[in-house]
Amino acid sequence: MGLPLFARISGLMIASLAVPAMLLAQDYPPDLSRGKAVYERHCLSCHGTSGRGDGPAAASLRVAPANFQRFGSFLKSDEELLRTIEHGIVFSPMHSWRGQLTDEEMSDVLAYVRFLSQQAR
Ligand code: HEC
């Protein structure tokens, strides 16, 4: 007569918990307008309005913020850029954003950085 009741219930619970988590991890569509909002709040001061690394705080930094419109940034993969956003760069004002931004915010802001990096092409 099929599975014991306990197995059926716990199977159901696992299925209903696992599905939304999988959707978020794999199929979250980055949202450019949310990415722009995150960028303006957290990144613009260094990286500048158009991503050229000329934000108001840039002049006082020892390491110049990346200019996303340079070919070097344009060529980098999403994974590489996301790794930098997530973990930061050692001995650089570009610190890790893990813990301050959610995974969704990081993927949204990555989409916006990608958008800026394409502006010069
Ligand atoms: C305090 C200034 C500052 C802030 C704020 C800042 N960054 Fe940066 N960022 C830098 C600097 C400086 C570098 C270059 C580091 C280096 O080359 O050592 C950099 C590099 C990067 C890179 C690497 C680009 C490449 O071509 O490899 C990415 C991507 C990036 N920043 C994204 C962001 C995002 C997204 C935010 C906001 C969530 C942000 N940064 C906020 C200073 C900043």
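Remember, it's 1-based here, ligands and their atoms both numbered in the order they're listed. All heavy atoms count here, side chains included; hydrogens, waters and symmetry mates do not. Throughout, numbering of the chain's residues begins at 1 and tracks the sequence.
Listed by number with element, the atoms of ligand 1 under 4.0 angstrom from any heavy atom of Leu61 are 2 (C).
The closest protein non-hydrogen atom to atom 25 (C) of ligand 1 is Lys76 NZ, 3.4 Å. In terms of protein heavy-atom proximity, atom 22 (C) of ligand 1 is closest to Thr84 CG2, 3.6 Å. Here the protein heavy atom with the shortest distance to atom 41 (C) of ligand 1 is Trp97 CZ2, 3.6 Å. Counting only heavy atoms of the protein, atom 15 (C) of ligand 1 lies nearest to Ser92 OG, 3.2 Å. In terms of protein heavy-atom proximity, atom 11 (C) of ligand 1 is closest to Pro65 CA, 3.4 Å. Regarding atom 24 (C) of ligand 1, its nearest protein heavy-atom neighbour is Ala66 CB, 3.6 Å. Here the protein heavy atom with the shortest distance to atom 3 (C) of ligand 1 is Cys46 SG, 2.7 Å. Atom 28 (C) of ligand 1 has as its closest protein heavy atom Phe68 CE2, 3.6 Å.
In this structure, the separation between NZ on Lys36 and CZ on Phe115 is 8.5 Å, given to the nearest 0.5 Å. Atom-to-atom distance recorded for Gln119:CD and Gln69:CD is 6.5 Å, nearest 0.5 angstrom. Taking CZ of Arg34 as the start and CD of Glu104 as the end, the distance is 8.5 Å to the nearest 0.5 Å. Here the CD-CG distance, from Glu80 to Leu82, works out to 11.0 Å after rounding to the nearest 0.5 Å. The line from CD of Gln118 to CZ of Phe74 is 6.0 Å long, rounded to the nearest 0.5 Å. Note that OH of Tyr39 and OG1 of Thr49 are 7.5 Å apart. Values are rounded to the nearest 0.5 Å.
Heavy atoms only, all atoms of each residue included: Met94 and His47 are closest at SD-NE2, 4.2 Å.
Contact between Ala58 and ligand 1 is absent, with no heavy atom of the residue lying under 4.0 Å from the ligand.
For atom 34 (C) of ligand 1, the choice among Gly51, Ala57, Cys43 with the nearest heavy atom turns out to be Cys43.
Here the side chains of Ser73 and Asn67 are not in contact, with every heavy-atom distance at 4.5 Å or above. The side-chain heavy atoms of Leu32 and Asp108, taken from C-beta on, include no pair separated by under 4.5 Å.
Within the 4.0 Å heavy-atom criterion, both parts of Val63, backbone and side chain, lie near ligand 1.
Angle SD (Met94) to atom 8 (Fe) of ligand 1 to NE2 (His47): 180°, rounded to 10°.
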